[in-house]
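Below is one structure; the comments refer to it alone.
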Amino acid sequence: KQEVTQIPAALSVPEGENLVLNCSFTDSAIYNLQWFRQDPGKGLTSLLLIQSSQREQTSGRLNASLDKSSGRSTLYIAASQPGDSATYLCAVPNDYKLSFGAGTTVTVRA
Amino acid sequence: DTGVSQDPRHKITKRGQNVTFRCDPISEHNRLYWYRQTLGQGPEFLTYFQNEAQLEKSRLLSDRFSAERPKGSFSTLEIQRTEQGDSAMYLCASSQLSGAIPGNTIYFGEGSWLTVV
């Protein structure tokens with residue numbers, strides 16, 4: 001059974017600092033890994049989908065890396081802003097369903 | 001708005017009552033998923049449809065839960081005889097079929113909050 005873990009559970013940084021969010025998974029035989037953002041009381045917004053053949057995927061200030069062999073992915077957010085405050089979740093497919101981590105809740109202090 | 005839409009967004013019900021949630025996926029998406037999320041946890045898979053066929057159901061989906069997707073368009077999730085433990089956010093998501101490999105982005109709706117009192 002695929003287990004997905006995100007550490008830390010919460011993170012607080014001053015505005016402008018770079019964010020590093022970690023995701024680990026137990027079964028390295030994955031097709032892809034997806035990062036989502038969730039604002040309080042809201043649904044999930046897809047940020048990045050990184051295929052198993054890729055090592056990195058970038059979108060604006062966001063960069064996701066994937067190391068299948070070690071079962072890890074990292075989401076980097078450059079020059080954080082208060083608007084980046086949210087919960088960030090990673091997910092990997094298990095057949096056609098997603099297995100999610102519990103998320104990292106980020107607070108960016110102005 | 002061409003995203004996944006869910007209705008109602010919030011529902012408060014008394015224990016023992018039935019509730020139904022509706023999901024309208026992105027129009028060209030033939031896969032539709034239901035997930036449940038409780039506070040501080042990631043979403044947990046409940047069930048998924050490919051067109052109108054329900055292809056997988058989680059063991060979390062007790063016999064009080066039923067989901068349908070008539071004509072492969074919108075979907076409903078009904079919970080009968082609600083219990084306090086059913087209180088959660090119910091998320092719907094959709095994606096496009098891409099061969100046999102689940103390589104496509106999955107898009108989520110805003111969720112339907114259920115509170116059972």
Side-chain angles (χ1 to χ4, degrees), chain A residues 1-10 21-25 27 29-54 57 59 62 64 66 68 73 86-106, chain B residues 1 3-7 9-10 21 23 25-26 29-50 53-61 88-113 115:
Chain A
K1 180 188 172 186
Q2 179 74 270
E3 300 285 345
V4 182
T5 304
Q6 292 185 250
I7 295 173
L21 307 179
N22 298 304
C23 172
S24 61
F25 44 93
D27 185 351
I30 61 170
Y31 290 114
N32 58 56
L33 184 143
Q34 197 163 351
W35 282 95
F36 293 89
R37 169 183 171 138
Q38 186 172 34
D39 293 302
K42 301 286 189 177
L44 280 67
T45 300
S46 178
L47 297 174
L48 289 167
L49 174 74
I50 182 165
Q51 302 289 357
S52 61
S53 58
Q54 298 175 306
Q57 184 71 263
S59 175
L62 277 58
L66 176 63
K68 278 183 56 176
S73 176
T87 298
Y88 293 83
L89 299 111
C90 65
V92 294
N94 180 8
D95 292 331
Y96 296 105
K97 55 187 177 285
L98 293 177
S99 294
F100 283 86
T104 296
T105 298
V106 171
Chain B
D1 183 18
V4 179
S5 63
Q6 294 189 242
D7 183 72
R9 291 291 322 282
H10 301 273
F21 300 113
C23 171
I26 294 172
H29 287 183
N30 47 24
R31 286 208 179 129
L32 186 147
Y33 313 80
W34 286 99
Y35 287 79
R36 179 171 69 187
Q37 185 179 25
T38 53
L39 284 174
Q41 300 298 316
E44 295 176 293
F45 170 81
L46 292 178
T47 188
Y48 99 96
F49 294 83
Q50 185 169 304
Q54 187 174 18
L55 297 187
E56 187 171 346
K57 292 168 60 173
S58 163
R59 56 181 172 77
L60 294 175
L61 215 64
M89 182 161 68
Y90 291 84
L91 288 158
C92 178
S94 70
S95 69
Q96 266 184 321
L97 178 64
S98 175
I101 298 174
N104 279 339
T105 300
I106 294 177
Y107 296 89
F108 281 81
E110 288 294 311
S112 292
W113 277 103
T115 302

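Every chain is numbered from 1 and lettered A, B, ... according to where its sequence line falls, protein lines coming before strand lines.
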>> Using a 4.5 angstrom heavy-atom cutoff, name the option from A:A91, A:S52, A:G41 with the most pairs to chain B.
In response: A:G41
> Checking B:Q6 against chain A: side chain, backbone, both or neither under 4.5 Å from a heavy atom?
Replying inline: neither
> Where on A:Q38 is there a heavy atom nearer than 4.5 Å to chain B: the side chain, the backbone, both, or neither?
Replying inline: side chain
>> Between A:Q34 and A:L89 (side chain of the first, backbone of the second, donor and acceptor by atom type, cut-off under 3.5 Å), is there such a pair?
In response: no
> Does the side chain of B:T47 come under 3.5 Å of the side chain of B:Q54 through a donor N or O and an acceptor N or O?
Replying inline: yes
>> What I want to check is whether the side chains of A:Q57 and A:Q54 have a donor and an acceptor closer together than 3.5 Å.
In response: yes
> Who passes side chain to side chain donor-acceptor pair (under 3.5 Å) against A:S73, sequence neighbours left out?
Replying inline: A:W35
>> Suppose we call two aromatic rings close when their centres sit under 6.0 Å apart. Are B:Y35 and B:F108 close by that rule?
In response: yes
> Side chain, backbone, both or neither: which part of B:Q37 has a non-hydrogen atom closer than 4.5 Å to chain A?
Replying inline: side chain
>> Counting only non-hydrogen atoms closer than 4.5 Å, does B:Y107 touch chain A with its backbone (N, CA, C, O), its side chain (CB onward), both, or neither?
In response: neither
